[in-house]
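Just the heavy atoms: all of them, side chains too, but no hydrogens, waters or symmetry mates, feed the values below. Model, not experiment: these values are computed from the prediction.
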Amino acid sequence: MKKALIASVALAALSPLSAAAAERTLTISVYAFAQDEFKALVYEPFEAQCGCKLVVETGNSVERLAKMEANKASPVVDLAAVSMADALAAARAGLIDKVDTSKLSNFAKLYDIAKDPNGDGMSVGYTFYATSIAYRSDKMKIDSWADLLKPEYVGHVAFPNVTTNQGPPALYMLGLALGKDTPDLKGPIEALGEKKDDIVTFYEKSSQLVQLMQQEEIWAAPIGRFSWAGFTKLDVPVAWATPKEGQTGGMNVLVLTKGSTNQDLALQFMDFWLSTETQTKLAEKLIDSPANSEVKLSDAAANNLTYGEQTAKSLKLIPSAIALDNRAGWLKSWNEKVGQ
C-alpha cells in the first residue's frame with residue numbers, strides 16, 4: 001500500500017512535466033485570407049493529430065517577410081506560406097532552409113509544377129491558380145490575349161495595374177501575343193500606354209470588376225481563377241477564355257524558416273496540408289485550388305478552381321528570378337507609359 005502511494009505521488013509529480021514536454025508549439029505565418037475556414041479544416045485537425053499547439057500569424061507578404069528578416073538570428077516563425085517570388089527572395093536573404101521532401105509522404109502526389117517551383121529545393125507548392133480573361137461571350141470573342149487591344153474591344157476592357165498580383169502575369173501573356181516577349185515587359189507596357197485613354201480602368205481590386213461587367217461598363221478583364229466564382233453568378237453570359245498563347249497564373253508555396261528548432265513538426269504540418277484529404281476539403285470550400293494530383297472534385301468546385309493535370313501543365317508562370325529582378329523596372333516603365 002505504501003509503495004503504491006509513493007508510486008502514485010511520483011507519477012503525479014512527473015505528469016505536469018511530461019505534459020509540458022509533450023505539448024509542442026508550432027508558429028506559422030500565413031495570408032489573412034479565409035482564416036476561419038483554415039482553422040476548421042487545417043489547423044484544428046492537425047492540432048488534434050499531433051497533440052501540439054498552432055500559433056497563427058497573419059499579414060501581407062511585405063510585413064511577414066520583414067518580420068522574418070528582423071528575427072533572423074532567433075526565428076519566431078517555423079513555417080510560412082508565401083508566393084513563389086517571395087520564397088526566392090527569402091532564400092536569397094538566407095531566411096529559409098531546404099525542404100527535406102523525403103519526410104513528406106504526400107510529396108509524390110503533387111503536380112510536377114508544385115514539387116520544386118523555384119528549382120532550388122527551398123519550397124513546395126500547396127496551391128496555384130490560372131490567370132486568363134473573363135469576358136462577355138455575347139459581346140466579343142477572345143482567341144488571343146492581343147484581342148484585348150482590338151479597336152472594337154479595347155474601350156470595354158479593364159486591365160490589372162502592374163502593382164497587383166495579376167498585373168505582371170497579364171502583361172507577360174500580352175507580350176507573348178504581341179511577339180514582344182522580354183523580361184522587362186516594355187513591349188506590352190508600351191502597347192497598353194498607347195491605348196490607355198481607351199481602357200476603362202486599370203484596376204487594383206478584382207472585386208470591383210463584377211459590378212462593372214454587370215453594368216456593361218466592361219466586357220473583359222484578365223483575372224485570377226480565384227475571382228471567377230463572382231462572375232458565374234451574373235445574369236449576363238460570361239466565359240473564361242482559353243487564348244492560343246495559353247494561360248498564366250501564380251503559385252503559393254510553403255517554406256521552412258532557417259534556424260527553426262521545430263522543423264520536424266513543421267514538416268509534419270506541411271505534409272498534413274498537402275494531403276489528399278486536406279486539399280480536397282479546402283478545394284470543395286473553394287478556398288484553394290489543389291496542388292495534390294489525387295484530389296477529385298465535384299463539378300461545381302472544379303468549375304470554380306484551377307483544377308486538373310492538363311491545366312497544371314499548361315500554366316506559363318513568370319519565373320521568380322525574373323519577377324524579383326525586374327519589379328522595379330516594370331513599375332518605372334508603367335509609370336512612364338501608362339501612369340496612375
Side-chain angles (χ1 to χ4, degrees), residues 26-31 33-34 38 41-43 45-46 49-50 54 56-58 61 64-65 68 75 77-130 165 226 249-260 262-283 287-295 305-309 311-313 315 317-321 323-324:
L26 182 72
T27 302
I28 64 173
S29 174
V30 298
Y31 296 103
F33 169 73
F38 272 107
L41 302 176
V42 185
Y43 307 156
F46 179 72
Q49 175 181 294
C50 73
L54 273 181
V56 182
E57 298 188 356
T58 62
S61 296
R64 295 189 295 116
L65 285 175
M68 290 176 69
V77 168
D78 301 303
L79 174 147
V82 296
S83 70
M84 277 175 57
D86 285 337
L88 181 59
R92 289 179 174 181
L95 301 179
I96 59 176
D97 266 337
K98 281 189 177 293
V99 179
D100 185 353
T101 57
S102 69
K103 294 183 178 179
L104 301 177
S105 63
N106 294 296
F107 182 74
K109 301 175 185 178
L110 300 178
Y111 292 113
D112 288 343
I113 194 175
K115 288 180 177 177
D116 186 10
N118 289 325
D120 57 4
M122 306 290 272
S123 62
V124 175
Y126 69 90
T127 188
F128 49 79
Y129 61 85
N165 287 336
F226 53 82
M251 182 181 301
N252 290 338
V253 302
L254 300 174
V255 298
L256 301 175
T257 307
K258 188 172 185 178
S260 162
N262 292 312
Q263 285 204 2
D264 284 344
L265 188 57
L267 283 166
Q268 290 177 39
F269 178 67
M270 185 182 293
D271 202 34
F272 184 85
W273 196 332
L274 299 174
S275 69
T276 305
E277 181 181 2
T278 300
Q279 293 250 311
T280 300
K281 289 178 179 178
L282 289 169
I287 305 301
D288 277 338
S289 296
N292 185 317
S293 65
E294 292 188 354
V295 172
L305 296 172
T306 302
Y307 174 66
E309 183 176 4
T311 300
K313 286 181 177 179
L315 296 183
L317 306 183
I318 297 178
S320 296
L324 290 182

Whether K98 side chain and D120 backbone form a donor-acceptor pair below 3.5 Å: yes
Checking N252 against T127: is there a side-chain donor and acceptor pair closer than 3.5 Å? no
Working to the nearest 0.5 Å, report the span between OG of S260 and CG of L26. 7.5 Å
Steps toward side-chain contact (heavy atoms from CB on, under 4.5 Å) verdict (Q279, Y126): CA-CA 8 Å; Q279 293 250 311; Y126 69 90; 4.2 Å; yes
Any side-chain donor-acceptor pair under 3.5 Å between S105 and D271? yes
Any donor-acceptor N or O pair under 3.5 Å, side chains Q263, D97: yes
I need the minimum non-hydrogen distance between S123 and N118, along with the two atoms involved. OG-ND2, 4.1 Å
Would M68 and R64 satisfy side-chain contact (heavy atoms from CB on, under 4.5 Å), going step by step from the backbone distance to the final call? CA-CA 6 Å; M68 290 176 69; R64 295 189 295 116; 5.8 Å; no
State, to 0.1 Å, how close P45 and F272 come at their nearest heavy-atom pair, and which atoms those are. CB-CZ, 3.6 Å
Using a 4.5 Å cut-off on heavy atoms from C-beta on, say whether the side chain of Y43 contacts that of F269. yes
Could you list the residues that satisfy side chain to side chain donor-acceptor pair (under 3.5 Å) with K281, not counting sequence neighbours? E277
Check whether any side-chain heavy atom of V255 lies under 4.5 Å from a side-chain heavy atom of L79, and answer yes or no. no
Write down the atom of A81, the atom of V30, and the distance for their closest heavy-atom approach. CB-CG1, 4.2 Å
Testing the basics here: between T276 and V295, what is the closest heavy-atom pair and its distance to 0.1 Å? O-CG2, 3.9 Å
For G259 and P75, work out which heavy atoms get closest and say how close. C-CG, 3.9 Å
With rounding to the nearest 0.5 Å, note down the distance linking NZ in K115 to CG in L110. 7.0 Å
Looking at A130, is its backbone amide N or carbonyl O close enough to the side chain of T306 to form a donor-acceptor pair, meaning the two atoms are under 3.5 Å apart? yes
State, yes or no, whether a side-chain contact exists between Y31 and S61 at a heavy-atom distance under 4.5 Å. yes
I need the N292 CG to L282 CG distance, nearest 0.5 Å. 11.0 Å
Proximity of W273 and F38 rings by center, below 6.0 Å: yes
Let me see the working for K313 and I113 under side-chain contact (heavy atoms from CB on, under 4.5 Å), right down to the final yes or no. CA-CA 7 Å; K313 286 181 177 179; I113 194 175; over 6 Å; no
Looking only at non-hydrogen atoms, find the nearest pair between Y111 and P290 and report the distance. CE1-O, 3.6 Å
Between N106 and S275, do the side chains contain a donor N or O and an acceptor N or O under 3.5 Å apart? no
Spacing of Q268 atom CD and C50 atom SG [to the nearest 0.5 Å]: 7.0 Å
I want to check something: taking the side chain as every heavy atom from C-beta on, are V56 and T27 in contact at a cut-off of under 4.5 Å? no
OG of S29 to CG of D78, rounded to nearest 0.5 Å, is 10.5 Å
Could you tell me whether a side-chain N or O of E57 sits under 3.5 Å from a main-chain N or O of I28, the two making a donor and an acceptor? no
Please lay out, stage by stage, how D116 and M122 fare under the test side-chain contact (heavy atoms from CB on, under 4.5 Å). CA-CA 7 Å; D116 186 10; M122 306 290 272; over 6 Å; no
Taking the side chain as C-beta and beyond, is there a heavy-atom pair between R92 and L324 under 4.5 Å? yes
Between V124 and V253, is any pair of side-chain heavy atoms under 4.5 Å apart? no
Please determine whether a side-chain nitrogen of the Lys or Arg among D264 and K103 lies less than 4.0 Å from a carboxylate oxygen of the Asp or Glu. yes
Does a side-chain heavy-atom distance below 4.5 Å link F46 with T278? no
Quick one, I96 and T257 - any side-chain contact, counting heavy atoms below 4.5 Å? no
In Å and rounded to the nearest 0.5 Å, what is the CE to CD1 distance from M84 to I318? 9.5 Å
Verify the distance criterion only: is there a donor paired with an acceptor across the side chains of S102 and D100 at less than 3.5 Å? yes
